[in-house]
Protein chains: 2
Amino acid sequence: MDGEVRRPAQLMEAMRYAVLGGGKRLRPILVAETANLFGRSDDGVIYAGAALELIHCYSLVHDDLPAMDDDDLRRGQPTVHKAFDEATAILAGDALLTLAFDIIADARVHESADIRLTLSRDLARAAGIGGMAGGQMLDLESEHRDRTEAEIRTLQAMKTGALLRYACRAGAILADASPNDADRLKRFGEIIGLAFQLADDLLDVEADAEAMGKATGKDAEAGKATLVGLLGIEATRAELDKLVEEARTLLSPFGENATPLNEIARYIIERKN
Amino acid sequence: MDGEVRRPAQLMEAMRYAVLGGGKRLRPILVAETANLFGRSDDGVIYAGAALELIHCYSLVHDDLPAMDDDDLRRGQPTVHKAFDEATAILAGDALLTLAFDIIADARVHESADIRLTLSRDLARAAGIGGMAGGQMLDLESEHRDRTEAEIRTLQAMKTGALLRYACRAGAILADASPNDADRLKRFGEIIGLAFQLADDLLDVEADAEAMGKATGKDAEAGKATLVGLLGIEATRAELDKLVEEARTLLSPFGENATPLNEIARYIIERKN
């Protein structure tokens, strides 16, 4: 109904800069591969993955702001507020977040309006105060003070876990998987989230700045306790191996079809950036 | 599906502070009164109005940030980044924007998932790059330079007009009005948007700081051209009168039932803050 009036060029450019500058596209790949596990691989899956990726990208733009994590570089390039300015970065993040809810409502996503609405509402919950945004708040609050293992696990389940969990369950729902299978994939997403964060913490400790394209050792510098710091490198590696094993067991009913998802789990653990 | 993990107390508090500190509630009132015009007045209308109000409130929080309009006061109280801090204000805005898309999807809003989805997508468009967020970008871009009347009208149709237009059309849709009536109400919303902005500009010129509870003459100070500045006070008042008259004509088919909406139009023009 309410058509758009005009799209300001600079805001559009900043949004494109924030989204099209690379990145692993882990979330849309998870949406696509979980949907594919249940036999769906058309454009609608890409639309849903794109909506999710916009949410992820908006969060990077806002997290990089001076008042938040104050990062000048992202993937080796100036962050949005550096390439443009702070006001543009705030608005670009806002507009990307908003655009996600336009795209997830697209008729191509699923023929059932009920399912599209469920995907939209659940995206809001995964991204909101009880998910990603709340996790970022917990992360900021806990700077420069000790964090318990439980606190770290909660904030990570929210900050990075919520969108990854959403990605895997959304893929299943897009392909009309059974509620049981959708729950199974949601647990797979949880595992991916845990593994992703543990691997990230390990990278933060181990990788050199060049390979990452961003400052490393940053968490330690900001006084943020990490699981690796609390558990030690060996115990972290052991937990990662256990997670990959759990993922494999979880996906075993799907046989060969689950190979791409198992490979994603392995990639996450072995990645170098 | 994806339940929330935890709601951080400080973020929740900042969100409540941003929303519950007063305000005219013009947008939800318009949703409620336009729905009421077509015979609907249950809780679902309040839900839709609340979703819209959250979008409005998030935009105030972000617009007040130092990198944007840099306002310390809002409705006579410290702005969110002053009462809390900048990071919390950014996240509170993000979380309010996100929560709106959770609430608009609530089953109470309308029994038809199709209609809820339409309302959700249109809300995204009214709030996004082609609507409110884009309008704020145009407003920031045009500081300290001359603006034409056409430019000002475009940015105002986006920055404040889009949500008011949405409010009136959404109310009609919520109450299953005919497409023709929904379009009529959308035009009414456009008129309200124009009148609101012109009245705001007049207030900015005329009102004293105390009555407004915020700094006045701010547009002139920021070097922003306004329609009042270009057209003059008398021509602005004449346009306002014409708009009220057009609103009355537009609503005349609804007879006495349109009295509340006509009174809202008059209130907007005569308001002192």
Side-chain angles (χ1 to χ4, degrees), chain A residues 1-8 10-12 15 58 62 65 67-68 85-88 90-91 93-95 97-102 105 112-114 116-118 120-131 133-138 140-141 154 157-158 161-162 165-166 169 173 182 186, chain B residues 1-8 10-12 15 58 62 65 67-68 85-88 90-91 93-95 97-102 105 112-114 116-118 120-131 133-138 140-141 154 157-158 161-162 165-166 169 173 182 186:
Chain A
M1 61 189 216
D2 287 295
E4 296 190 339
V5 179
R6 198 193 129 191
R7 296 185 168 194
Q10 176 169 325
L11 185 53
M12 179 79 99
M15 289 166 75
Y58 116 72
H62 281 188
L65 286 166
M68 304 266 261
D85 56 51
E86 272 189 62
T88 304
I90 294 166
L91 284 171
D94 293 343
L97 168 54
T98 308
L99 183 58
F101 292 98
D102 183 353
S112 156
D114 256 311
R116 277 178 277 150
L117 198 66
T118 298
S120 179
R121 191 200 57 201
D122 292 345
L123 184 58
R125 292 187 185 170
I129 184 173
Q136 173 68 0
M137 185 79 233
L138 292 180
L140 291 169
E141 280 177 2
T154 297
M158 293 167 72
R165 209 161 56 233
Y166 175 87
R169 191 162 144 93
I173 287 176
K186 182 181 172 185
Chain B
M1 62 188 216
D2 286 294
E4 297 190 338
V5 180
R6 198 193 129 191
R7 297 187 168 193
Q10 177 169 325
L11 185 52
M12 180 79 99
M15 290 166 75
Y58 116 72
H62 281 189
L65 286 166
M68 303 267 262
D85 55 52
E86 271 189 63
T88 303
I90 293 166
L91 285 171
D94 292 344
L97 168 54
T98 309
L99 182 59
F101 291 98
D102 183 353
S112 156
D114 256 311
R116 277 179 278 151
L117 198 67
T118 298
S120 179
R121 191 200 58 203
D122 292 344
L123 184 57
R125 291 187 186 168
I129 184 173
Q136 173 69 0
M137 184 80 232
L138 292 179
L140 291 169
E141 280 177 1
T154 298
M158 294 167 72
R165 208 161 58 234
Y166 175 87
R169 191 161 145 92
I173 287 176
K186 182 182 172 185

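All chains are named by letter (A, B, ...) in the order of the sequence lines, taking the proteins before the strands, and each is independently numbered beginning at 1.
- Chain B forms more heavy-atom pairs under 4.5 Å with one residue of A:Ser112, A:Gly131, A:Ala113 than with any other, namely A:Ala113.
- The shortest non-hydrogen separation linking B:Leu91 to A:Ala133 is CD2-O, 3.9 Å.
- Both the backbone and the side chain of A:Met12 come within less than 4.5 Å of a heavy atom of chain B.
- When all heavy atoms of B:Ala67 and A:Ala87 are compared, the pair lying nearest together is O-CB, 3.2 Å.
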* To do: List the steps, then state whether side chain to side chain contact (heavy atoms under 4.5 Å, CB included) holds for A:Asp94 with B:Gln136.
  => CA-CA 11 Å; A:Asp94 293 343; B:Gln136 173 69 0; over 6 Å; no

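- From A:Met137, atom CE reaches atom CE of B:Met15 across 11.5 Å, with rounding to the nearest 0.5 Å.
- The shortest non-hydrogen separation linking A:Thr98 to B:Ala124 is CG2-O, 3.0 Å.
- Taken to the nearest 0.5 Å, the CZ atom of A:Arg116 stands 12.0 Å off from the CZ atom of B:Arg116.
- Both the backbone and the side chain of A:Ile129 come within contact range of chain B, with heavy atoms under 4.5 Å apart.
- Here the shortest heavy-atom pairing between A:Ala105 and B:Leu117 reads O-CD2, 3.8 Å.
- Ring geometry for B:Phe101 against A:Phe101 counts as parallel: the plane angle stays under 30°, on a 0 to 90° scale with 60° as the upper cut.
- Top candidate by heavy-atom pairs under 4.5 Å with chain A, chosen from B:Ala157, B:Gly134, B:Gly135, B:Ala182, is B:Gly134.
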* To do: Applying side chain to side chain contact (heavy atoms under 4.5 Å, CB included), run through B:Asp102 and A:Asp122 and close with a yes or a no.
  => CA-CA 7 Å; B:Asp102 183 353; A:Asp122 292 345; over 6 Å; no

* Assess whether side chain to side chain contact (heavy atoms under 4.5 Å, CB included) is satisfied between A:His62 and B:His62, documenting all intermediate values. => CA-CA 12 Å; A:His62 281 188; B:His62 281 189; 4.0 Å; yes

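- Contacts of B:Glu141 with chain A are made by side-chain atoms alone, with heavy-atom separations under 4.5 Å and no backbone atom involved.
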* Tell me, with the steps shown, if A:Arg6 and B:Leu138 meet side chain to side chain contact (heavy atoms under 4.5 Å, CB included). => CA-CA 10 Å; A:Arg6 198 193 129 191; B:Leu138 292 179; 3.5 Å; yes

